[in-house]
Number of protein chains: 2
Amino acid sequence: MKAKKNKNNLEECPVSNTLKIIGGKWRLRIINEIGEDKRRFGELKRLIPEISEKMLIQELKALVEYQIIVRKAYKEIPPRVEYYASEKGKKVFPIIEEIKKFSNDTN
Amino acid sequence: MKAKKNKNNLEECPVSNTLKIIGGKWRLRIINEIGEDKRRFGELKRLIPEISEKMLIQELKALVEYQIIVRKAYKEIPPRVEYYASEKGKKVFPIIEEIKKFSNDTN
DNA sequence: TAAATTATTTACTTTTTGGTAAGTATTATA
DNA sequence: TATAATACTTACCAAAAAGTAAATAATTTA
């Protein structure tokens, strides 16, 4: 059983905590484009044309650190790297589904 | 039937579109604290101690503009203002629910 | 030899978001 | 008369997020 970090104060609300991981302009977008697939960096670039390369790797890195996605690099030239959702990452799919429903329901 | 704004290019993805409305550090947090209740400004301040007053009204205003919440002001002195979720706003509850599930599942 | 390929990295600038702290209006109450 | 109460508003500054543009490494192919 993992202890919660209730030392002095901190440990906020579940909403804020989750937003630290998947909040921001790009993360859900990226996770959505990866979905159940494996995606290469260049592929994601095409799928999300509005994102800059800098933001894309930066956010991919963060998602890897949070263990939402997995990075697999092949030792080839030119390089090939694939990203895919971890088990933890798959747990954000339902959030995305609800977001899509909201979008449909409200537009 | 409402036409989608597919003039020249634009009209992005449902994820990005929804994040414009409920994205950012505070909006989901605020909606979550309002929930099914009516909440006064000062109440929300207490419920979300980390937010500054400036951010709180700023975000409340934005949520009112997006018709996620409703602002009801009573003509009293000292002033009394209540905020509550609109029908549209209630449609974001399922998103919040999934976020909470994620938080539970993963911590 | 030059160019293409791919996934980064870096430096620099702009934009957006957020924080602090003080002020306002209006009435009731001490 | 001074203070409390409430929901803001304003000005000013700092920090975080994001954009631009160019560079890199290591091979293969033309």
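Sequence lines set the chain letters: A, B, ... in the order given, protein chains first and strands last, and positions in each chain run from 1. Below, all heavy atoms of this structure are taken into account, side chains as well, without hydrogens, waters or symmetry copies.
Protein atom CD of Glu76(B) is 16 Å distant from nucleotide atom C1' of dC8(D), rounded to whole Å. Between the CG atom of Leu19(A) and the P atom of dA16(D) there is a distance of 17 Å, rounded to whole Å. Nucleotide dT6(C) holds its C1' atom 15 Å from the NZ atom of Lys75(A), rounded to whole Å. The OH-C1' distance, from Tyr74(B) to dA5(D), rounds to 18 Å in whole Å. Atom CD1 in Ile77(B) sits roughly 10 Å away from atom C1' in dA28(C) (whole-Å rounding).
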Next item on the list: Please assess Arg39(A) against Glu82(A) for the test salt bridge (Lys or Arg N to Asp or Glu O under 4.0 Å), listing each intermediate value before the final yes or no.
Entry: CA-CA 5 Å; Arg39(A) 295 286 194 200; Glu82(A) 289 176 347; over 6 Å; no
Check: Could you go step by step and tell me if Glu59(A) and Arg29(A) meet the salt bridge (Lys or Arg N to Asp or Glu O under 4.0 Å) rule?
Finding: CA-CA 10 Å; Glu59(A) 299 304 286; Arg29(A) 192 73 197 283; over 6 Å; no
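A donor-acceptor distance shorter than 3.5 angstrom exists from the side chain of Ser86(A) to the backbone of Ile68(A), with no hydrogens or angles considered.
Between Lys101(B) and Glu98(B) there is a salt bridge, with a side-chain nitrogen of the basic residue lying less than 4.0 Å from a carboxylate oxygen of the acidic one. Ion pairing of Glu87(B) with Lys90(B) is present here, as a side-chain N (NZ or NE/NH1/NH2) and a carboxylate O approach within less than 4.0 Å.
With a 6.0 Å cutoff to the six-membered ring centre and a 45° limit on the axis angle, Arg80(B) counts as a cation-pi contact of Tyr74(B). Taking the centre and axis of the six-membered ring of Tyr84(B), the NZ or CZ atom of Lys38(B) falls inside the cone set by 45° and 6.0 Å.
Residue Ile99(B) comes nearest to Pro14(A) through the heavy atom pair CG2-O, 4.2 Å, listed as atom of the first residue, atom of the second, then distance.
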Check: With the sugar-phosphate defined as primed atoms, P, OP1 and OP2, and the base as all remaining atoms, what B/S/- string results for nucleotides 7-22 of chain C, 5' to 3', for protein heavy atoms under 4.0 Å?
Finding: SBB-B------BBB--
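Five base pairs at each end of the helix from dT1(C)-dA30(D) to dA30(C)-dT1(D) define two local axes, and these are offset by 20° (rounded to 10°).
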